[in-house]
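One structure is given below, encoded as structure tokens.
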Amino acid sequence: MENGQQPIYPDPMRGVEQSFTNQSPHELPMGLTKREYFAGLAMQSLAAAEPKWGTKDIARFAIKISDDLLKELEKQKNEAQ
């Protein structure tokens with residue numbers, strides 16, 4: 001799984017049979033991915049800083065910021081190895 005598709009708060013019990021639900025663990029929702037979380041943070045800042053921008057512009061730019069951040073983090077991780 002790509003770094004950006006990993007959950008922001010991984011569940012250590014994921015994959016373990018859970019008796020309180022009739023769903024198998026891999027069917028349970030994982031929550032926000034890192035990409036979605038970073039984009040949401042960027043959207044908050046952009047909406048506050050650029051109130052004249054349209055919502056589609058803010059969303060597109062926030063996703064670009066998120067993707068760029070994930071690429072840079074992966075680049076630094078590879079350089080450290």
Side-chain angles (χ1 to χ4, degrees):
M1 180 183 306
E2 252 182 61
N3 186 29
Q5 298 305 315
Q6 293 178 8
I8 57 171
Y9 299 114
D11 181 2
M13 296 301 290
R14 190 165 190 79
V16 176
E17 192 63 39
Q18 297 178 357
S19 61
F20 59 85
T21 179
N22 61 359
Q23 293 176 301
S24 62
H26 65 277
E27 293 173 339
L28 296 172
M30 289 179 50
L32 291 175
T33 64
K34 291 179 181 180
R35 183 178 190 240
E36 292 167 336
Y37 181 68
F38 293 154
L41 294 175
M43 284 182 72
Q44 286 180 323
S45 297
L46 291 168
E50 299 293 341
K52 295 178 184 176
W53 283 14
T55 54
K56 287 183 182 180
D57 293 330
I58 290 173
R60 287 184 187 120
F61 194 47
I63 291 169
K64 179 171 178 8
I65 290 170
S66 177
D67 289 343
D68 289 347
L69 172 60
L70 288 164
K71 285 177 192 173
E72 191 62 30
L73 289 170
E74 188 65 28
K75 180 180 163 186
Q76 289 182 7
K77 178 182 165 185
N78 291 336
E79 289 174 357
Q81 292 177 353

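On a predicted model such as this, the values are computed, not experimentally measured, just so you know.
- Rounded to the nearest 0.5 angstrom, T33 OG1 and E2 CD are separated by 10.0 Å.
- N3 approaches K34 most closely through the heavy-atom pair OD1-NZ, 2.7 Å.
- Residue pairs that meet the ring-ring contact (aromatic ring centres under 6.0 Å, His included) test with at least one member in residues 62-81, sequence neighbours left out, do not exist here.
- In this view, D67 and R35, I63 satisfy the side-chain contact (heavy atoms from CB on, under 4.5 Å) rule, not counting sequence neighbours.
- Taken together through direct or relayed side-chain contacts under 4.5 Å among Ile, Leu, Val, Met, Phe, Trp and Tyr, I8 and F38 form part of one hydrophobic cluster.
- Taking the ring-ring contact (aromatic ring centres under 6.0 Å, His included) definition, one finds that Y37 meets it with nothing, sequence neighbours left out.
- Atoms CG and CD, from D57 and E50 in turn, are 10.5 Å apart once rounded to the nearest 0.5 Å.
- Applying the ring-ring contact (aromatic ring centres under 6.0 Å, His included) definition to pairs two or more places apart or across chains, those involving residues 60-81 are W53-F61.
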Report, one line per pair, each donor and acceptor closer than 3.5 Å where one atom sits in a side chain of residues 68-81; sequence neighbours left out.
{"unit_1": "D68", "atom_1": "OD2", "unit_2": "K64", "atom_2": "NZ", "d": "2.9"}
{"unit_1": "N78", "atom_1": "ND2", "unit_2": "E74", "atom_2": "O", "d": "3.3"}

